[in-house]
Amino acid sequence: MKDLLIIKGGLFMQEVRTRFAPSPTGYLHIGGLRTALYTYLIAKKNKGKFLLRIEDTDQERLVEGATELIYKSLKMVGIQHDEGPDIGGPYGPYVQSERKPIYKKYAEELVERGGAYYCFCKKERLDSLREQAIKNNQTFQYDGYCKGLDKEEVKARLEAGEPYVIRQVIPKTGTTSFYDELFGEIEVENSTLDEGVLLKTDGLPTYNFANVVDDHLMKINPVVRGSEYLSSAPKYNLLYQAFGWEIPKYIHLSQIMKDAHKKLSKRDGDASVEDFTSKGYLIEAIVNYVALLGWSPGDEREFFTLEELEQAFDIKGLSKSPAIFDENKLRWMNGEYIKRMDEGRFHEMALPYYKSAGLPEGMDLQKVSQLLKGRVEVLNEIPEMVDFLVNLADYDIELYVHKRSKSTLESSYENLVKAYKVLETLDDWSEDSIKKVLFDLVEELAAKLNFVLWPVRIAASGKQITPGGGIEILYLLGKEESLRRLQVGIDKLKGAL
RNA sequence: GCUCCCAUGGUCAAGCGGUUAAGACUCCGCCCUCUCACGGCGGCAACAGGGGUUCGAGUCCCCUUGGGAGUGCCA
């Protein structure tokens, strides 16, 4: 008896082996990330293997360096494949263009078995057929023109070196069905299926053929892929049957949408994983968020590390309907990750942003980090949050008017003058000392804290909202700059009174 | 057009025949507070429509509507 592995109540009679099979056409985008993640998790949850296969059978769409980008992204995410082009494995090669002879051999075998046939039709003929179909409002299907060719003729034309493709034979009548672990039984009429190309003129297979051959040879089970393959799955089953191969379990994943109508795509801009990380999103937050887009653990948990996902994941929680990517919620989750991060790491990550914001040399950046950590959602918002520490912008004196603190232009002026006086004589410019003299002042005035601190903070920052309060800001600015700014405030108010 | 799939608040989602239909994000209010944020408390907001089946339907079936995917010598 082989191993028994349980997926959604069904039994797996063999080792679980899943594969992520991107085509190297660019960077890994969010949808690809989620497919890779779920595929990986299904393998890990079942103590199986996860492999990476590069599907580069479309030589025209190849993008230089794209495969490396995929390695890089997966590594960043923390997904490690057990077999793949870069690390090898018992079922290689794992790059389809390097498997060319294999597909030819199997395509020929399929012709022998009656599951496929040679086709010599020219592009022009197919184009006009397709045009005709569109005109008649019909689905295009190859008309089987070359299907009836007798063996001798085929042989002769092949020997003459005529270009050819190999097409799949589809039964004219009857139905074909397949079972998806998520969607259940799906049945289609064979008459709606096209006798598509399996092996192209250039000798490379189409996806429709390569995926079946490779998944079988690499012992992939279950086959996990996007729901865009749902409608061609019957054809794959027909292929497995024609070869006499065992049909794998299928798990088709719903899509990630940009909005209700458009699916998330590279063309719409920032949809790649690296676009998000470069904006200041943490990879852990991205992974966590994406994991929950289309999957639910079934309980109230929403924070997961990769390791926790490996434990918790179950295809029962997969959603059949497409999910809309909500950057707003990603922002929130990223903010949560930042809050939970240790201070040292946050400081390290924030440093480059301080640099680009132009924070002064001598400033206590650790303190800045302390103030920011609980307030930042995405790292790239740091520069504008701290800009006031660099320059005091020209601000509207109406900022001094604040109802809750009972601040008016007059009171602000008076309090600023008093604050200036006590601060001017302060030698130890530490947060504690500043706090002490200002608190003493407040006590002396028998006022509310904010009556004094509101105008101080406004004068020190020129902004209505700041990370940190007045005392913290004065401390960061240093005595000289602080006094200068307070004086600016005093002058502004004086001019207005 | 044809084929297939999907359908709970604005978004992510729990729910698997009997619930006051969870929770999270967003938004709003209150509290806390040296501003903001955090935190705490509270609130707005959903079963697309119509037929069945059933004692009883968000949950099962059918139709309609809406949406998505496929329809390539792309994957």
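All values derive from a computational prediction rather than experimental measurement. Chain A is the first sequence line, chain B the second, and so forth, proteins listed ahead of strands; every chain is numbered from 1.
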Check whether any side-chain N or O of Asn237(A) sits under 3.5 Å from a backbone N or O of Ser177(A) as a donor-acceptor pair, and report yes or no.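 Looks like yes, one N/O pair under 3.5 Å.
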
When the [atom1] atoms of [M] and [N] are compared, how many Å lie between them, rounded to an integer?
{"N": "A7(B)", "M": "C12(B)", "atom1": "C1'", "value": "15 Å"}
{"N": "C74(B)", "M": "C25(B)", "atom1": "P", "value": "47 Å"}
{"N": "A22(B)", "M": "A45(B)", "atom1": "C1'", "value": "15 Å"}
{"N": "U59(B)", "M": "G50(B)", "atom1": "P", "value": "12 Å"}

Counting the atoms with a prime plus P, OP1 and OP2 as sugar-phosphate, which does [X] contact under 4.0 Å by heavy atoms, base, sugar-phosphate, or nothing?
{"X": "Gly470(A)", "answer": "base"}
{"X": "Gly196(A)", "answer": "nothing"}
{"X": "Lys339(A)", "answer": "sugar-phosphate"}

Could you check whether Tyr281(A) and Tyr337(A) have their ring centres less than 6.0 Å apart? no

side-chain hydrogen bond (donor to acceptor under 3.5 Å, both in side chains) partners of Ser405(A), counting only residues at least two apart: Ser407(A)

Choosing from [options], which nucleotide comes nearest the side chain of [X]?
{"X": "Asp326(A)", "options": "G10(B), C4(B), C34(B)", "value": "G10(B)"}
{"X": "Arg375(A)", "options": "G39(B), C34(B), A37(B)", "value": "A37(B)"}
{"X": "Asn450(A)", "options": "U11(B), C34(B), C6(B)", "value": "C34(B)"}

Protein-nucleotides 18-24 of chain B N/O pairs closer than 3.5 Å?
residue: G23(B); atom: O4'; partner: Glu300(A); partner atom: OE2; Å: 2.8
residue: G23(B); atom: O2'; partner: Glu300(A); partner atom: OE2; Å: 3.3
residue: A24(B); atom: O2'; partner: Glu302(A); partner atom: OE1; Å: 3.0
residue: A24(B); atom: O2'; partner: Lys329(A); partner atom: NZ; Å: 3.4
residue: A24(B); atom: N3; partner: Lys329(A); partner atom: NZ; Å: 2.9

Over 12 non-hydrogen atoms of neighbours within 6.0 angstrom of OH in Tyr145(A): no

Does Glu108(A) have more than 12 heavy atoms from other residues, nucleotides or ligands lying within 6.0 Å of its CD? yes

So, using ring-ring contact (aromatic ring centres under 6.0 Å, His included) as the criterion, who are the partners of [X] when residues are at least two apart?
{"X": "Tyr207(A)", "answer": "Tyr229(A)"}
{"X": "Phe209(A)", "answer": "none"}
{"X": "Tyr103(A)", "answer": "none"}

Under 4.0 Å protein heavy-atom contact, by nucleotide of nucleotides 69-75 of chain B - B base, S sugar-phosphate only: SSSSBBB

Presence of Arg331(A) side-chain N/O under 4.0 Å of C25(B) phosphate oxygens OP1/OP2: no

